[in-house]
Q: 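Below you'll find the structure I mean.
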Amino acid sequence: MDKAVTLNQTMVREFILVGLSSNPTMQRVLFMVFLPLYLLTLAGNILVLVTIVHDRQLHSPMYFFLSNLSFIDICHASVTVPKMLVDFLSAEKTISFGGCVAQMFFLHLFTCTEIFLLTVMAYDRYVAICRPLQYLTIMSRRVCLQLTGVLWLGGTVHSLALTSMTIKLPYCGPREVDNFFCDVPPVIKLACTDTYVIEVLIVSNSGLISVVCFVVLVVSYGVILTSLRSRLSMGKRKALSTCAAHLTVVTLFLGHCIFIYSRPSTSLAEDKVVSVFFTAITPLLNPIIYTLRNEDMKRALNKLMGGKVDAEK
């Protein structure tokens with residue numbers, strides 16, 4: 001009982017985010033770099049959402065999942081980047097304990113949901129390419145809604161599990177989080193207790209999800225590419241373009257998850273660079289990758305902007 005009271009009395013009420021740099025000049029430069037990137041992320045993903053909703057030809061399972069991806073990317077970037085931008089202009093980079101917990105929860109919610117979504121999108125491409133005559137039957141609207149509900153539920157359960165394990169630890173000493181946002185690995189390092197079991201659970205949970213989904217995705221695309229060998233060149237090029245875009249997104253996104261969550265909570269010099277790319281760059285690249293490599297999206301964007309569409313394309 002006395003120990004519990006002591007922990008409650010000395011519990012950390014806020015954390016200090018170390019950030020990307022302690023140099024005021026460099027922080028202003030970083031602010032000028034990341035503010036446009038964040039605004040472009042919002043604009044690009046909102047444009048994808050509006051285009052898909054506006055164009056009836058894009059009301060298909062593939063673009064339904066793509067619109068979900070854009071929505072998640074908006075939320076994913078908004079969890080960490082606004083706070084990072086504010087801290088670039090602040091002398092004290094603090095975050096309340098509750099704010100830190102909220103940031104961890106939503107970060108893992110959107111990250112895990114996006115991993116599951118990318119896996120579902122790979123299955124969608126597999127059905128479309130390998131079983132085209134049954135595509136609309138297998139990927140019906142009802143099935144798409146059910147899959148979306150399941151992946152959001154899975155992301156929520158995953159995030160609740162990690163966050164609950166993290167906040168149950170006692171924090172009564174160090175307050176500096178060695179990153180520009182709160183994530184489970186750097187936060188649990190500040191706990192006033194042995195965290196070996198928690199670290200094992202993190203690797204078993206987040207690391208295993210990332211690795212398994214990555215293997216499933218690679219196998220799926222292996223099957224798809226094998227199937228494409230027997231297709232006509234025009235159809236093959238279009239299918240390969242779609243798959244190449246998806247595989248690029250998968251590699252960029254899951255590469256970070258495997259790097260960060262498939263090892264014990266030890267700090268590496270590369271962690272912040274990888275985290276910046278993961279939180280600020282990848283959500284911006286997704287709409288660029290999908291629109292530049294997708295003829296249907298380019299035609300729909302042209303329509304939305306009032307341009308002329310070449311019917312022969």
Side-chain angles (χ1 to χ4, degrees), residues 19-21 26-54 58 62-89 103 106-118 121-122 155 179-183 210 214 217 241-260 270-298 300-302 304-305:
L20 298 178
S21 173
M26 179 58 68
Q27 291 183 58
R28 287 192 290 270
V29 171
L30 291 172
F31 177 84
M32 297 302 295
V33 170
F34 284 105
L35 178 60
L37 290 178
Y38 178 61
L39 295 177
L40 286 172
T41 297
L42 297 181
N45 283 289
I46 290 173
L47 182 60
V48 170
L49 279 170
V50 172
T51 302
I52 293 174
V53 172
H54 180 266
L58 300 182
M62 172 184 170
Y63 294 103
F64 171 74
F65 293 127
L66 180 56
S67 64
N68 273 270
L69 179 63
S70 291
F71 173 75
I72 292 174
D73 279 335
I74 292 171
C75 297
H76 184 206
S78 298
V79 171
T80 58
V81 178
K83 173 60 176 171
M84 177 180 68
L85 292 173
V86 170
D87 285 345
F88 283 146
L89 304 179
Q103 203 172 53
F106 287 109
L107 177 70
H108 282 273
L109 168 62
F110 297 128
T111 298
C112 189
T113 302
E114 182 161 345
I115 290 174
F116 290 150
L117 177 60
L118 291 172
M121 290 175 71
N179 214 323
F180 60 92
F181 62 94
C182 285
D183 195 6
S210 302
F214 184 75
L217 287 161
S241 177
T242 302
C243 291
H246 191 189
L247 195 56
T248 302
V249 171
V250 166
T251 302
L252 293 174
F253 193 81
L254 284 179
H256 163 271
C257 297
I258 293 172
F259 180 79
I260 296 294
E270 297 83 5
D271 284 357
K272 290 184 183 180
V273 176
V274 174
S275 294
V276 167
F277 197 86
F278 172 67
T279 58
I281 307 299
T282 302
L284 171 63
L285 292 180
N286 284 350
I288 296 174
I289 290 171
Y290 276 105
T291 54
L292 292 181
R293 299 188 64 88
N294 189 303
E295 292 298 326
D296 293 333
M297 280 296 299
K298 286 191 282 189
L301 283 169
N302 203 2
L304 186 65
M305 299 300 178

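Just so you know, these numbers come straight off a predicted model, no measurement behind them. Heads up: numbering here begins at 1 and tracks the sequence.
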Q: Picking from Val48, Leu69, Leu49, what satisfies side-chain contact (heavy atoms from CB on, under 4.5 Å) with Ile74?
A: Leu49
Q: Taking side chain as C-beta onward, heavy atoms only, is Thr51 less than 4.5 Å from Tyr63?
A: no
Q: Could you tell me which non-hydrogen atom of Asn45 sits nearest to which non-hydrogen atom of Pro283, and how far apart they are?
A: ND2-O, 3.0 Å
Q: Could you tell me if the side chain of Met297 sits less than 4.5 Å from the side chain of Ile52, heavy atoms only?
A: yes
Q: Between Leu107 and Cys182, is there a side-chain heavy-atom distance shorter than 4.5 Å?
A: no
Q: Surrounding CZ of Phe64 (heavy atoms of other residues, nucleotides or ligands, distance under 6.0 Å), is the total greater than 12?
A: yes
Q: Check whether any side-chain N or O of Gln103 sits under 3.5 Å from a backbone N or O of Val79 as a donor-acceptor pair, and report yes or no.
A: yes
Q: Do Asn286 and His76 have side-chain heavy atoms sitting under 4.5 Å apart?
A: no
Q: Determine the minimum heavy-atom distance between Gly155 and Leu109, stating which atoms define it.
A: C-CD1, 3.7 Å
Q: Is the count of non-hydrogen atoms from other residues, nucleotides or ligands lying under 6.0 Å from Phe71 atom CZ greater than 12?
A: no
Q: State the CG-CG distance between Leu285 and Leu40, to the nearest 0.5 angstrom.
A: 11.0 Å
Q: What closest approach, in Å, do Ala77 and Pro82 show between heavy atoms, and which atom pair accounts for it?
A: O-CD, 3.6 Å
Q: If only atom types and distance count, is the side chain of Asp73 paired as donor or acceptor with the main-chain N or O of Thr41 below 3.5 Å?
A: no
Q: Is the shortest side-chain heavy-atom distance between Phe180 and Leu30 below 4.5 Å?
A: no
Q: If you measure from OG on Ser67 to CD1 on Ile72, what distance do you get to the nearest 0.5 Å?
A: 9.5 Å
Q: Could you tell me which residues satisfy side chain to side chain contact (heavy atoms under 4.5 Å, CB included) with Val86, sequence neighbours excluded, listed by chain and number?
A: Ser90
Q: With side chain to side chain contact (heavy atoms under 4.5 Å, CB included) as the test, would you mind laying out the steps for Asn68 and Glu114 before giving the verdict?
A: CA-CA 9 Å; Asn68 273 270; Glu114 182 161 345; over 6 Å; no
Q: Rounded to the nearest 0.5 Å, what's the gap from CG on Asp87 to OG1 on Thr80? Could you check?
A: 11.0 Å
Q: Decide yes or no for Thr279 and Phe181: does some side-chain heavy atom of the first lie under 4.5 Å from some side-chain heavy atom of the second?
A: yes
Q: Contact between Cys75 and Phe106 at the side-chain level, heavy atoms closer than 4.5 Å - yes or no?
A: no
Q: Can you measure from CZ (Phe31) to CG (Leu85) and round to the nearest 0.5 angstrom?
A: 5.5 Å
Q: Can you confirm whether Leu20 sits close enough to Phe88 that some side-chain heavy atom of one is under 4.5 Å from a side-chain heavy atom of the other?
A: yes
